> 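First the structure, which I've put down as structure tokens, then a few questions once you've had a look.
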Amino acid sequence: MSNKYSRRDFIKTGIGVSAAAVLSSGKNLIGTQRNVGEMCVVASGNGLRATEKAMELLKQEKDPLDAVIAGVNIVEDDPEDRSVGYGGLPNEEGVVELDSSVMHGPTHNGGAVASLRNIKNPSKVAKLVMERTDHALLVGEGALRFAKAHGFKEENLLTDRARERWLSRKERLSDRDFWFPPRPEEAEGEFASFFEFHGTINCCAIDAHANLAGVTTTSGFFFKIPGRVGDSPIIGAGLFVDNDVGAAGSTGRGEANILNCGSFLVVNFMGMGSSPEEACLKALKKIAEKTKCQPHLLNDEGRPRFGLQFYAINKKGEFGGASMWSGGQFAVHDGKENKLRPCAYLFKRPDKSKKNS
Ligand code: GLY
């Protein structure tokens, strides 16, 4: 299918970029070397099975968007991943609400759903929004009705494990309501950290014809206010693909990403000549700067006290990943091996003992 969109760039120039040479600070860069024209799939750290599946499909000449969606469907279906699809952690009312977007480089088209309940594969519904409507984003009840019209079956997405986690948090929320924690001494501080787990999966790919595509899918913040929409279904924030330049996606604090058009920013930096890794770091740097306007999101050193990660591939097949804080990983299948790699980072993560500072 992708043959009709563009030709493979066979020129093997060995455009390895020494990332350390390109960002002015020159620190915390890890760097990647790629040959032009090779297939590649990148994903967030929970996406190793997704990159494996997507690469398998790329090798069968499947469309890159179908490949990445099939990849993330594995994680959406997995009850053990509490940040995505079935088994995702619920909102404050104990209801799982899912967000997803997809973007197809060759047609520069995209689709998304937000606050979708009872359907475990929002990425598949997002693709249908792209293909079967003239809209880009459907939300809530309308998104659910659209999914059902296309044959999706409603199911309860709240696993017992996720429900127990929700109940535990609700019980510890406050000593001024009718919910009591089993051990009152646990009531304070346990959930005060912005570093608290909030996953998501992003997966982007480039096929053998240098066509790009991406998908981001999530259950969003645990205990979010019902109706809260994160960055994942917002094209330009949680995902952006420009088939002439590259693809980028994100995980982490969606609000920061929405307010800064994060994934668009990464692709834009790549368009101006940055390597994928450098572009991810530049976007993080800009977001860290802008966060200074929101003191409640800063630690004692004036740095963002939340996690945010970007993953990117450029038109040459080079890839990179970077996170606000050290310790992140991302999944990469470069056509030969599929493995987790360390993310470059902007700041060294503080000691655990200081993480709520
Ligand atoms: N990045 C996922 C979210 O904020 O919902």
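Remember, it's a predicted structure, so these values are computed and weren't measured experimentally. Counting starts at 1 for both ligands and their atoms, in listed order.
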> With heavy atoms of G220 as the reference, note each atom of ligand 1 found under 4.0 Å away.
5 (O)

> For G238, is the nearest heavy atom under 4.0 Å from an atom of ligand 1?
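False for this residue.
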
> Suppose I only count heavy atoms of T200 and a 4.0 Å limit; which atoms of ligand 1 are within that range?
1 (N), 2 (C)

> Is there a heavy atom of R228 sitting under 4.0 angstrom from any atom of ligand 1?
yes

> Under a 4.0 angstrom heavy-atom cut-off, which atoms of ligand 1 come close to D231?
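Listed by number with element, the hits are 1 (N), 2 (C), 3 (C), 4 (O).
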
> Using the ring of each side chain (for Trp, its six-membered ring), is F347 parallel, tilted or perpendicular to W325, with breaks at 30° and 60°?
tilted

> Looking only at atom types and distance, does a side-chain atom of D231 sit under 3.5 Å from a main-chain N or O of I258, one as donor and one as acceptor?
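No; judged by distance alone, with no hydrogens or angles, the pair does not exist.
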
> Relative to the heavy atoms of G252, which atoms of ligand 1 are at a distance of less than 4.0 Å?
1 (N), 2 (C), 3 (C), 4 (O)

> Which atoms of ligand 1 are found less than 4.0 Å from any heavy atom of G230?
5 (O)

> Running the 4.5 Å side-chain criterion over Ile, Leu, Val, Met, Phe, Trp and Tyr, what cluster does L340 land in, apart from itself?
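When side chains under 4.5 Å apart are linked, the cluster holding L340 also contains L48.
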
> Might you point out which heavy atoms bring C343 and S323 nearest each other, and give the distance in Å?
CB-OG, 3.8 Å

> Is there a donor-acceptor pair closer than 3.5 Å between any side-chain N or O of N257 and the backbone N or O of A237?
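Pair found, side chain donor or acceptor close to backbone of A237.
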
> For R145, check side chain to side chain contact (heavy atoms under 4.5 Å, CB included) against everything at least two apart and list the hits.
E141

